[in-house]
Amino acid sequence: KTSYICLVDYLDSDIKYVSGVGEVRAKLLERELGIRTLGDMLRHFPFRYIDRTRIYRIAEITDGAGLAYVQFRARVTGVGYAGEGRRRRFTAYVQDPSGSAELVWFQGIKWIEKRVEVGREYLVFGRPSFYRGTLSMAHPELETMEQALSRKAESGMQGIYPSTEKLSNQLGTKGMYQIVCNLWRLVRDRISDPLPESLRTQYGLIPLREAFYNIHFPQSQELLRQAQYRLKFDELLGVQLNVQSRRTARLAKSDGFLFPKVGEAFNTFYNRKLPFPLTGAQKRVVREIRQDTVTGFQMNRLLQGDVGSGKTLVALLSMLLAVDNGFQACMMAPTEILARQHFATITRMLDGMPVRVAVLTGASKAAECRAALEGIASGEVSILIGTHALIEDRVRFANLGLVVIDEQHRFGVEQRARLWTKNAQPPHILVMTATPIPRTLAMTLYGDLDVSVIDELPPGRRPIRTFHYTDAARLKLFGFMRQQIRQGRQVYVVYPLIKESEAMDYKDLTDGYEAISRDFPLPEYVTAICHGKMKPADKEESMRQFKEGEAQILVATSVIEVGVDVPNATVMVIESAERFGLSQLHQLRGRVGRGGEQSYCILMTGEKLSREARARLDAMCETNDGFRLAELDLKLRGAGDINGTLQSGMAFDLKIANPTADVQILTVSREAAVGLLEADPQLAHPGHEGLRELRSRYAGRDGIDFSRIS
Ligand code: ADP
Ligand code: MG
């Protein structure tokens, strides 16, 4: 036990004492990478390795092999030049007995062309990429075989560490590597293992010390793999120990509000106001929510359903349940437009019923604001709908029983957390998302929760037909829009808006708006515009015009991406579609196909497209299935990138494990956590000190108590 405590203390020492660091670099490391202690540095893992240990054959280097840097031995069979001026490039064609490859230079052509001799054999080292299935390497290192053989053989794989621009000016790849070497000499004898031996054996895990050693200095590809496995396992086990402990605590507490009654509000709405019968899936989810709220446990439920599956109605029914039992409910949406739309829909649906609904957003005028705040505090308002404004301190509920969060991935962890601290006793929580993820994964990302799925679209929906047009087909597009509008339909035209190119993007948008207004000179075709820079009142007016059918065309930025619901709109035109991610494209497409009419999504791009962009557009044209697109997105973007995207909404800070990619490790770590906690719920047994420490390390971000977070 003592040795374990001692280890913790030692790894907490300041990084500045490691030779090669010092005061200045220590400050920089902390500011740029959050590295303050020896332990932080030890957990700063390479994201890539240079493997000089083996010489590959060209045929072995394939797209799917996931090799970062490789070397191979090949003979130059010819050279060529292409392009003009700045686009000029020099290519060397090479071959080994297994296949051929291309080496390309865009710079330093004068220097390299003198050194490449046709007919000669070289050792080529670089980053593989693939063009139409052919291996190609840009700016590889070249050595003649004589040079290569005379050089001392490199001992192993060298790690390349994540860095930032500022930091790498002060501390390059080699410098960072050197510091890690020095660090290792200090800490190598002070690493003890938090996992009991029996657990390591059971799950085939190498000791922690060896894992750290091989993640920084891999002795072979296999040991590297085992090191990564062990470290990922520890992280995910740490998370699972938290999630499972909290779950047990939540279900043991039984301090949840009781909604035993299905009363006036629910029944009136259900029997008289419901505009259409619920789908089987909607019914099932409402039943699940009802079951949750009569048990005495606090509900923590994630509702997944593809765009257009009818989540709003489920939310409304749940809120009415709360109202029937004397509680208030609130619903938070990520954008002003969406909050206003929910307010309008719900007010309309509840028309004539004695349930008061209020709205509160950042743009609320003084009177609206006062009405909402006073009504909520006094208890006269039963349902409050709004944006982030709901989490402000001045919003005080009389008796909040249910919180609904729409499109939860749009909110950060902290924002979500602040809503349920509004009551002394935690309200029931329903978070809704169109992103389908498996339950174990959801729990790892968001904490302890239950999952409901709407896996059925309302009847009569026809699959949206998606097409990819280039600019050359613009006249055809306008013709198509005109034809749809003549049939009484409405059209969205969406432009990308990205912070970095904001000025230009706004110009594209307004140019597009003017062009469309010109191309539709008939007086009955009204075009509305909607973007983030407009005054809230003007935005609202544009949306109103479009919703009520006064405007046939809505030109907008992706502010309309989530949730907007105008069933009569049947055409979604996405300009510069190559600039959107796959999930964003799918969300945008989900704005149409909401009524019974055939709907269309037209993806507009220029002629030239990157391979990834083309793959995204092809996928969109091929399928409407959100689940398949989410999977494909993972594949296209690569595991590393997704971690970053999910990070902001994620409850736990993971360094190496990627819960979306490491599903297998996730599953076994969960099983391990459940087993450990069954035998020792408090992790108080001797030999479990390390597990306790692991659990507190992954207790959640920024010291927030996540026990109530979904
Ligand atoms: P999302 O799950 O994307 O939030 P919405 O709740 O906005 O979907 O619903 C999409 C559209 O489907 C809305 O126009 C809604 O009125 C309609 N809808 C919802 N449930 C049903 C149903 N059971 N039958 C027919 N239409 C429905
Ligand atoms: Mg929605």
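We're numbering straight along the sequence, starting at 1. Counting starts at 1 for both ligands and their atoms, following the listed order. Predicted, not measured: the structure shown is a model, and the values here were computed from it.
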Going by the order shown, which atoms of ligand 1 are within less than 4.0 Å of some heavy atom of Val307?
3 (O)

Quick check: does Phe276 get an N/O under 3.5 Å from an N/O on ligand 1?
no

Atom indices of ligand 1 within 4.0 angstrom of Leu278 heavy atoms, with elements:
23 (N)

Beyond-backbone contact of Leu278 with Pro458, side-chain heavy atoms, under 4.5 angstrom:
no

Using side-chain contact (heavy atoms from CB on, under 4.5 Å) as the criterion, point out the one residue from Ile429, Thr433, Asp450, Val453 that pairs with Leu302.
Thr433

Heavy-atom donor-acceptor pair, Gln328 side chain to Ile376 backbone, under 3.5 Å
yes

May I ask you to identify, for Ala434, whether its side chain, its backbone, both or neither come under 4.0 Å of ligand 1 on a heavy-atom basis?
neither

Hey, is the main chain of Met299 close enough, under 3.5 Å, to the side chain of His428 for a donor-acceptor pair?
yes

For Arg579, give me all partners under side chain to side chain contact (heavy atoms under 4.5 Å, CB included), at least two apart in sequence or on another chain.
Pro496, Ile498, Ser501, Asp505, Ser576

Side chain, backbone, both or neither: which applies to Met432 and ligand 1 if a contact is any heavy-atom pair less than 4.0 Å apart?
neither

Do Pro567 and ligand 1 have an N or O pair less than 3.5 Å apart?
no

Residue-level breakdown please: for Asp565 versus ligand 1, do any non-hydrogen atoms fall below 4.0 Å on the side chain, on the backbone, on both, or on neither?
side chain

Phe580 backbone acceptor or donor facing Arg616 side chain under 3.5 Å:
yes

How about Tyr600 and Phe480: are their ring centres within less than 6.0 Å of each other?
yes

Sub-4.0 Å heavy-atom approach of Pro275 to ligand 1
no

Out of all atoms in ligand 1, which are within 4.0 Å of some heavy atom of Pro277? Include the element for each.
22 (C), 23 (N), 24 (N)

Ring centroid separation His531 to Tyr495 under 6.0 Å:
no

For atom 3 (O) of ligand 1, state which one of Gly308, Gly305, Gly626 supplies the nearest heavy atom.
Gly308

Looking only at non-hydrogen atoms, the one of Arg461, Gln587, Arg594, Lys311 nearest atom 17 (C) of ligand 1 is Arg461

